[in-house]
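Indexing begins at 1, ligand by ligand and atom by atom, following the structure's order. Numbering of residues begins at 1 and proceeds along the displayed sequence. Since the structure is predicted, the reported quantities are computational estimates derived from the model, not experimental observations. Only this structure's heavy atoms are used, side chains among them; waters, hydrogens and symmetry mates stay out.
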Amino acid sequence: MELHKSTSHALLEKLKNKEISSQDILKDLASRISKEDGKVKAYVRPSEKINPPELKGVPVLVKDNICTDGYNTECCSKILSGFKPPYDATVIKKIKDAGHSFLGLKANMDEFAFGSSTENSCFGPTHNPWDLNCVPGGSSGGSAAAVAADEAIWALGSDTGGSIRQPAAFCGVVGLKPTYGRVSRFGLIAFASSLDQIGPLTKDVRDCALLTNIISGYDANDSTSINTPVPDYTKALVNNAKGIKVGIPKEYFVEGLDPEVKKIIEEAINKLKNLGAQFKEVSLPHSEYAVPVYYIIATAEASSNLARFDGVQYGLRAKAEGLIEMYKKTRRLGFGDEAKRRILLGTFALSHGYYDAYYLRALKVRKLIKQDFDNVFKDFDCIITPTSPTPAFKIGEKVDDPLKMYLSDIYTISVNLAGIPAISIPCGLTKKGLPVGLQIMSKHFNEEMLFRLAYTYEQNTEWHKMKPKL
Ligand code: GLN
């Protein structure tokens with residue numbers, strides 16, 4: 001039985017009917033991983049064996065920045081090498097409470113989630129299963145590639161500026177960034193605390209709704225989690241787009257958007273039109289400031305969050321004379337180039353004399369970006385855009401040009417700045433056979449609208465059934 005090819009909801013049905021056991025799923029996944037992961041490299045620390053703490057349900061693959069009790073959690077950074085948290089993140093606890101287990105192996109990512117290609121991992125890059133010479137996107141590239149390559153059934157990633165949705169688009173899977181506050185961040189090793197959110201990467205929209213059901217909800221351990229009821233998101237899976245009002249932001253269809261991606265997105269929009277959704281052009285006038293604002297706020301928060309990694313409490317400790325030398329040497333050896341770049345940028349933006357000019361100003365513009373969305377959502381149920389301006393690019397193509405790399409998030413980061421939810425679903429393949437993702441955004445806590453529209457699109461197209469040839 002090729003269980004690894006299956007969705008979670010199909011496996012859950014088989015488990016319920018006692019046709020298979022969780023052990024069967026695990027065995028099948030293990031052989032798939034040993035067969036394919038030498039090429040894809042979605043998993044880190046491959047010398048560790050698959051070994052869930054307690055096997056039940058359909059095991060979930062988890063990104064290396066989510067704490068798992070007693071299992072290495074290193075954010076793919078040398079500075080956290082050997083770190084085993086003494087507790088589970090709230091999402092892991094919830095997965096266990098819902099009758100599932102964590103896979104026992106972790107997914108590759110850009111170091112501390114800094115990046116859009118998974119090339120900034122201390123373990124080396126993950127390869128895109130659709131074209132092994134291409135990046136899988138990032139920073140949750142390991143989670144996305146594993147799900148696309150059928151090396152995992154479903155997975156968790158984290159999204160600070162696009163890190164779930166962009167790799168989902170590049171790998172042809174479904175990825176959701178929930179509303180800020182919907183999912184507890186307790187046990188997620190922080191990158192930028194006002195932007196980070198954990199979310200699912202799955203093979204179809206139903207699995208995405210199921211995993212969102214499991215991980216959502218208030219948590220007293222996360223002061224930014226919000227105490228509003230969690231609806232059953234599977235109830236939103238209705239094949240009906242009639243009357244849904246969709247805005248198309250004109251600022252997102254300009255220079256820089258790959259013509260092939262543009263064409264595929266336009267076809268998807270036409271499809272949804274035929275299914276009864278109503279489209280109209282809208283404006284998000286402050287969009288052009290999203291990238292600079294994000295790279296001030298995100299690096300400022302990162303520089304502060306990463307101050308705790310100094311060789312004293314976690315992971316790596318360099319041998320040196322005296323405490324200050326030990327701090328310096330540990331951080332010099334432990335952080336990769338991109339982490340250092342962000343710590344420097346963020347520390348500068350927060351420094352005396354520059355704080356008002358950079359950080360404070362960025363916060364003000366962030367507010368304007370949020371207001372742009374609030375205005376559109378007064379009249380529209382959702383907004384549709386491409387997830388990324390290009391399909392997956394070649395490994396090595398942008399890694400030496402940080403500004404180029406930063407621009408690959410141009411369509412995803414406003415969502416984090418505004419705190420709203422957004423989903424990416426597969427909507428086509430380029431001539432070279434690379435997947436393209438459609439992004440749907442909605443107002444705070446309206447994940448149901450995303451699921452409804454995404455499900456309707458999926459039920460009336462075949463893209464989610466396409467598999468890479470490995
Ligand atoms: N690519 C963006 C960055 O480099 C977003 C990363 C993320 O969402 N974690 O910051």
Exactly one candidate in Arg45, Lys106, Lys84 meets side chain to side chain donor-acceptor pair (under 3.5 Å) with Glu74; the answer is Arg45

For atom 9 (N) of ligand 1, state which one of Ser163, Gly161, Ser408 supplies the nearest heavy atom. Ser163

Judged by non-hydrogen atoms, does Ala298 sit under 4.0 Å from ligand 1? no

Those atoms of ligand 1 less than 4.0 Å from some heavy atom in Gly162: 8 (O)

Does the ring center of His100 lie less than 6.0 Å from the ring center of Trp154? yes

Any nitrogen or oxygen of Asp159, main chain or side chain, under 3.5 Å from a nitrogen or oxygen of ligand 1? no

I'd like to know if Glu266 pairs up with Lys263 as an ion pair, taking the criterion as any Lys NZ or Arg NE/NH1/NH2 lying under 4.0 Å from an Asp or Glu carboxylate oxygen. no

Atom 3 (C) of ligand 1 has as its nearest protein heavy atom Tyr295 OH, 3.3 Å

Do ligand 1 and Thr160 have nitrogen or oxygen atoms that lie under 3.5 Å from each other? yes

Atom 5 (C) of ligand 1: closest protein heavy atom, distance to 0.1 Å, is Tyr294 OH, 3.3 Å

Taking atom types as modelled, is there a side-chain donor on Ser158 or Lys63 under 3.5 Å from an acceptor on the other? yes

Would you call the rings of Tyr314 and Phe83 parallel, tilted or perpendicular, where under 30° means parallel and over 60° means perpendicular? perpendicular

Residue-level breakdown please: for Ala113 versus ligand 1, do any non-hydrogen atoms fall below 4.0 Å on the side chain, on the backbone, on both, or on neither? both

Measure the distances from the heavy atoms of Tyr406 to every atom of ligand 1 and state whether one is below 4.0 angstrom. no

Among the heavy atoms of Met405, does any lie under 4.0 Å from an atom of ligand 1? no

With sequence neighbours excluded, tell me which residues meet ring pair (Phe, Tyr, Trp, His ring centres under 6.0 Å) with Phe102. Tyr71

Ligand-side contact atoms (ligand 1) for residue partner Gly115, heavy atom cut-off under 4.0 Å: 1 (N), 2 (C), 3 (C), 4 (O), 6 (C)

Should the pair Tyr294 and Phe191 be assigned to parallel (<30°), tilted (30 to 60°) or perpendicular (>60°) ring geometry? perpendicular

Do me a favour and list the nearest non-hydrogen protein atom to atom 4 (O) of ligand 1 with residue, atom name and distance? Arg342 NH2, 2.8 Å

Would you call the rings of Phe309 and Phe112 parallel, tilted or perpendicular, taking 30° and 60° as the class edges? tilted

With heavy-atom distances below 4.0 Å as the criterion, list the atoms of ligand 1 near Ser139. 9 (N)

Within 4.0 Å of some non-hydrogen atom of Phe191, the atoms of ligand 1 are 9 (N), 10 (O)

Verify the distance criterion only: is there a donor paired with an acceptor across the side chains of Glu447 and Thr179 at less than 3.5 Å? yes

So which heavy atom in the protein is nearest atom 2 (C) of ligand 1, and how far is it from that ligand atom? Asp409 OD2, 3.1 Å

Only one of Asn108, Thr118, Asp37 passes side chain to side chain donor-acceptor pair (under 3.5 Å) with Thr126, and that residue is Asn108

